[in-house]
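In what follows, residues are counted from 1 in the order of the sequence shown. The figures that follow rest on heavy atoms only: side chains count, while hydrogens, waters and symmetry mates do not.
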Amino acid sequence: MKTITLKQTSTNVPAIAMGCMRIADKSISDVENYIRHCMGLGLNFFDHADIYGRGVCEEKFGTAMRNMGVNREDIFIQSKCSIVPGVMYNMSKDYILNAVDGILSRLRCDYLDCLLMHRPDALVEPEEVAEAFDILYSSGKVRHFGVSNHKPMQIEILKRYVKQPIEFNQLQFSIPVSGMVANGIEVNMNTEGSIDRDGSVLDYSRLHDITIQAWSPFQYGHFSGVFVGDYEHFNGLNQALHRMSEKYSVTPSAIAVAWIMRHPARIQTIVGTTNIGRINDVAAACSVNLTREEWYELYMQAGHPLP
């Protein structure tokens, strides 16, 4: 399995992380098979959140790990908190600490490898986040920290107080949803793509050694649908994906992930499928190294202009 290095702590992690949002409706046996198969492929990084299945995903994952006798050190578990379903966002000290205790209890673990703040809290007091992170780190409950869906200046506010490195930022990113690339290419143009909606988060992340985790790598829009195989809306893109998939003897989905991996920012892709066949397909992306011409062709076929 291809790996990437977290530059701030020299930790190696798989280039593909497995998102666990969809295991809530799976049987414990299915979850066991899912974990076993992923680990057999070297996909030992699992991404959770306390709102996934309202905690059910973490409970089933924890039960499956216990049943299987998984060595905790052989698996990297990340979870997220700060979303209060249907109500608000909360990054207060007490909420973070209570959330992590709940996560660990459901996962039947003593520690998280990584904790992310799931969504920015407009009422955040960064001093409280720093206090919570200090307690979690010193107690051994969390080893790494990061954020999700945060802009650079929001991260800077946290970094002013937080002692631990901010190592991840989880952001929506795919071939069609690549505004963080487009605003750098369409600089000084009167085009839709030139609008900087994220504070140059891609360049910021590279400058500060923050690993971007790409969520929804097969989606377009805001959960508008899957673009792979959608010839009605993305005919040219799918033709290019199909042609390249034949060249590299992988599936179009693997090419879509290889496109993300080709970027020099060393982006980690979060894949949410629990289907064994699709997991195999996606893992094959690690064997593909797209040429510069192929990368730009896919980018343009998704509707992005070049000046």
Side-chain angles (χ1 to χ4, degrees), residues 1 3-14 16-21 23-24 28 31-32 34-36 38-39 42-83 90-118 128-148 150 158-159 161-170 209-211 213 268 270:
M1 171 53 56
T3 62
I4 57 177
T5 301
L6 309 181
K7 293 184 179 180
Q8 298 186 66
T9 55
S10 300
T11 303
N12 289 321
V13 296
I16 297 174
M18 302 308 299
C20 298
M21 186 172 64
I23 67 174
I28 297 299
V31 177
E32 291 173 9
Y34 163 73
I35 295 173
R36 185 178 298 108
C38 289
M39 293 184 68
L43 298 169
N44 67 336
F45 190 120
F46 294 91
D47 174 66
H48 287 270
D50 57 359
I51 64 164
Y52 291 169
R54 303 294 180 92
V56 172
C57 294
E58 290 168 334
E59 288 178 354
K60 290 192 173 182
F61 193 91
T63 300
M65 280 202 308
R66 182 196 60 183
N67 292 350
M68 297 167 64
V70 173
N71 184 345
R72 180 65 184 87
E73 294 295 325
D74 291 340
I75 197 167
F76 193 107
I77 302 178
Q78 170 177 282
S79 195
K80 303 181 287 294
C81 71
S82 81
I83 298 178
N90 194 335
M91 287 172 59
S92 66
K93 173 184 173 181
D94 289 343
Y95 186 84
I96 294 171
L97 295 176
N98 289 331
V100 170
D101 284 343
I103 291 168
L104 293 176
S105 176
R106 291 188 292 272
L107 286 170
R108 302 172 185 265
C109 290
D110 295 326
Y111 69 92
L112 283 176
D113 291 285
C114 187
L115 173 71
L116 306 185
M117 297 296 98
H118 205 162
E128 289 198 24
V129 177
E131 289 177 15
F133 282 12
D134 281 344
I135 292 170
L136 293 171
Y137 185 77
S138 63
S139 65
K141 290 182 179 180
V142 178
R143 296 183 173 181
H144 302 266
F145 296 88
V147 295
S148 179
H150 277 57
L158 291 177
K159 285 173 64 177
Y161 300 93
V162 171
K163 299 174 185 175
Q164 296 76 21
I166 302 297
E167 298 188 68
F168 295 100
N169 191 4
Q170 198 169 117
D209 295 328
I210 295 173
T211 297
Q213 297 179 328
Q268 185 183 40
I270 308 289

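Panel note: side chain Lys80, backbone Leu116; no donor-acceptor pair is recorded below 3.5 Å. One N or O on the side chain of Asn169 and one on the backbone of His150 form a donor-acceptor pair closer than 3.5 Å. No donor-acceptor distance shorter than 3.5 angstrom exists from the side chain of Gln164 to the backbone of His144, with no hydrogens or angles considered. When atom types are taken as modelled, the side chain of Asp209 and the backbone of Gln8 share no donor-acceptor pair closer than 3.5 angstrom. Of the possible polar contacts, none joining the Gln213 side chain to the Gln170 backbone as a donor-acceptor pair under 3.5 Å is found. With hydrogens and angles disregarded, no donor-acceptor distance shorter than 3.5 Å links the side chain of Ser105 to the backbone of Asp101.
Across all their heavy atoms, Val31 and Ala64 have their closest contact at CG1-CB, 3.7 Å. Closest approach of Gly42 to Pro14, counting heavy atoms only: O-CG, 3.6 Å. Shortest non-hydrogen contact noted between Leu107 and Glu58 is CD2-O, 3.5 Å. Listed here is the closest heavy atom pair of Ala24 and Gly53: CB-CA, 4.1 Å.
With a 4.5 Å cut-off on side-chain heavy atoms, Gln78 and Phe45 count as touching. Put simply, the side chain of Arg106 reaches to within 4.5 Å of the side chain of Asp50, judged on heavy atoms. Using a 4.5 Å heavy-atom cutoff, the side chains of Leu115 and Ile96 are in contact. Inter-residue side-chain proximity for Met18 and Tyr34 is flagged as met; some heavy-atom pair is nearer than 4.5 Å. A 4.5 Å side-chain heavy-atom check between Tyr161 and Glu131 finds every atom pair outside the cut-off. In this structure, the side chains of Leu112 and Lys141 stay at 4.5 Å or more apart for every pair of heavy atoms. Considering only heavy atoms from C-beta on, Val142 stays 4.5 Å or farther from Phe133 through its side chain.
Rounded to the nearest 0.5 Å, atoms SG (Cys81) and OH (Tyr95) are 6.5 Å apart. Note that the SG atom of Cys109 and the CD1 atom of Ile75 stand 8.0 Å from one another [nearest 0.5 Å]. Note that the CD atom of Gln268 and the CD1 atom of Ile4 stand 4.5 Å from one another [nearest 0.5 Å]. One distance of note links CE of Met1 with CG of Asn44; it measures 9.0 Å at 0.5 Å rounding. Here the CZ atom belonging to Phe46 is positioned 8.5 Å from the CD1 atom belonging to Ile77, to the nearest 0.5 angstrom. A distance of 9.5 Å separates CZ of Phe145 from CD of Glu167, quoted to the nearest 0.5 Å.
Residue-environment remark: CG (Asp110) stays at or below the threshold of 12 foreign heavy atoms within 6.0 Å. By the 6.0 Å contact criterion, NZ on Lys7 is open, its count of non-hydrogen atoms from other residues, nucleotides or ligands being 12 or less. Atom OH of Tyr111 is surrounded by more than 12 heavy atoms from other residues, nucleotides or ligands within 6.0 Å.
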- Task: May I have the step-by-step check of side chain to side chain contact (heavy atoms under 4.5 Å, CB included) for His48 and Ile103, ending in yes or no?
- Result: CA-CA 9 Å; His48 287 270; Ile103 291 168; over 6 Å; no
- Task: Go through the steps for Asp94 and Ser92 under the test side chain to side chain donor-acceptor pair (under 3.5 Å), then give the verdict.
- Result: CA-CA 6 Å; Asp94 289 343; Ser92 66; over 6 Å; no
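Using a 4.0 Å cut-off between a side-chain N of Lys or Arg and a carboxylate O of Asp or Glu, Arg72 and Asp113 qualify as a salt bridge.
The side-chain tip of Arg143 does not point at the ring of Phe76 from less than 6.0 angstrom away and within 45° of straight on.
Counting only N and O atoms by type, the side chains of Asn90 and Ser82 include no donor and acceptor under 3.5 Å apart.
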